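The structure appears right after this line, and notes come after that.
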Amino acid sequence: MNQKGRLARVCHAGLTELDLIQTLEGKVSNDEKREILNHALQQQAHVEQARMENGLSILASVGSTAPFIGLFGTVWGIMNALKEITASGSASLDVVAGPIGEALIATAVGIATAVPAVLAYNYFLRKVRLSSATMNNFASAFQLLALKSGAISNRQTGN
């Protein structure tokens, strides 16, 4: 079944497990039934969280490495600028300004890449955490509803 949302998939996992639990009537204790349902709900919640986290590592990597790549480009550019200065034999502003300015562009590009990547990473990480909390709350509410409905008995038995 192809549900449209994360909570729908968690719900489907719980309903599927409740169907399975009904076939185990008399074979497992009520505590075991609750544990089986809890495991199914939590497992699907973990699958959904992993699905949401897909791609976050790329944003984190871009955000953390881009400034260093820009700095490397700046150092490389300054080295080339110094070679040009040495070759021309003059350290006048005309000779120095152009190559040094070009070298600093690499730092600017690195920072301009890193800042949006870090902001996006933080935004999506917050969304993942909020969604994860929502799924955990949903799983708890699902279990409570299963208990209240009698799908899983709340009484202790000698099974």
Side-chain angles (χ1 to χ4, degrees), residues 1-80 100-159:
M1 181 175 255
N2 187 11
Q3 294 84 15
K4 300 246 184 236
R6 291 180 291 278
L7 292 180
R9 289 187 291 270
V10 172
C11 183
H12 183 261
L15 291 172
T16 301
E17 207 60 39
L18 279 176
D19 285 343
L20 174 68
I21 287 171
Q22 297 306 317
T23 66
L24 299 175
E25 195 62 40
K27 298 177 184 174
V28 295
S29 71
N30 290 327
D31 284 340
E32 289 170 325
K33 290 177 186 178
R34 284 193 292 277
E35 188 61 34
I36 290 168
L37 178 60
N38 181 49
H39 178 73
L41 291 167
Q42 292 305 317
Q43 184 178 13
Q44 187 63 39
H46 288 303
V47 167
E48 297 303 324
Q49 183 173 350
R51 186 178 290 161
M52 288 184 297
E53 289 174 352
N54 189 22
L56 279 181
S57 61
I58 293 170
L59 277 176
S61 296
V62 169
S64 63
T65 60
F68 295 112
I69 293 170
L71 182 60
F72 177 75
T74 299
V75 170
W76 191 272
I78 289 174
M79 285 176 28
N80 287 335
I100 298 293
E102 289 174 7
L104 291 175
I105 289 173
T107 298
V109 169
I111 292 170
T113 303
V115 169
V118 169
L119 291 174
Y121 173 79
N122 288 335
Y123 172 80
F124 287 117
L125 184 62
R126 177 167 164 68
K127 294 288 252 181
V128 166
R129 288 180 179 162
L130 288 173
S131 186
S132 180
T134 299
M135 284 187 296
N136 287 330
N137 289 338
F138 178 81
S140 295
F142 188 100
Q143 288 175 312
L144 183 61
L145 186 60
L147 282 171
K148 286 182 176 180
S149 71
I152 297 178
S153 177
N154 198 20
R155 289 178 279 116
Q156 296 294 324
T157 63
N159 292 349

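Note that this is a predicted model, so its numbers are computed, not measured. Along the sequence shown, the residues carry numbers beginning at 1.
Every side-chain hydrogen bond (donor to acceptor under 3.5 Å, both in side chains) that Ser131 has, sequence neighbours left out, goes to Arg6. Partners of Glu102 according to the side chain to side chain contact (heavy atoms under 4.5 Å, CB included) rule, which considers only residues two or more places apart in sequence or in another chain, do not exist here. Remark: Asn38 engages Gln143 in a side-chain hydrogen bond (donor to acceptor under 3.5 Å, both in side chains) (not counting sequence neighbours). In this structure, the side chain to side chain contact (heavy atoms under 4.5 Å, CB included) partners of Leu7, at least two apart in sequence or on a different chain, are Thr134, Met135, Phe138. For Arg129, there are no side-chain hydrogen bond (donor to acceptor under 3.5 Å, both in side chains) partners, not counting sequence neighbours. The side-chain hydrogen bond (donor to acceptor under 3.5 Å, both in side chains) test applied to Glu53 returns Gln49, not counting sequence neighbours. Not counting sequence neighbours, the partners of Glu48 by the salt bridge (charged side-chain N to carboxylate O under 4.0 Å, His left out) test are Arg9, Arg51.
Rounding to the nearest 0.5 Å gives a distance of 9.0 Å between CG of Leu15 and CG of Leu37.
Within a 6.0 Å radius of CG in Leu24, more than 12 heavy atoms belonging to other residues, nucleotides or ligands are found.
Remark: side-chain polar atoms of Glu32 are paired, donor with acceptor, to backbone N or O of Ser29 under 3.5 angstrom.
The side-chain hydrogen bond (donor to acceptor under 3.5 Å, both in side chains) pairs that include a residue from residues 56-65 number zero, where partners must be two or more places apart or lie in different chains.
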Tabulate below the donor-acceptor pairs under 3.5 Å that side-chain atoms of residues 106-126 make, not counting sequence neighbours, or state none.
residue : atom : partner : partner atom : Å
Thr107  : OG1  : Thr74   : OG1          : 2.2
Thr113  : OG1  : Val109  : O            : 2.8
Asn122  : ND2  : Val118  : O            : 3.4

Exercise. Stepwise, does the side chain to side chain contact (heavy atoms under 4.5 Å, CB included) test hold for Val47 with Val10?
Worked result: CA-CA 9 Å; Val47 167; Val10 172; over 6 Å; no
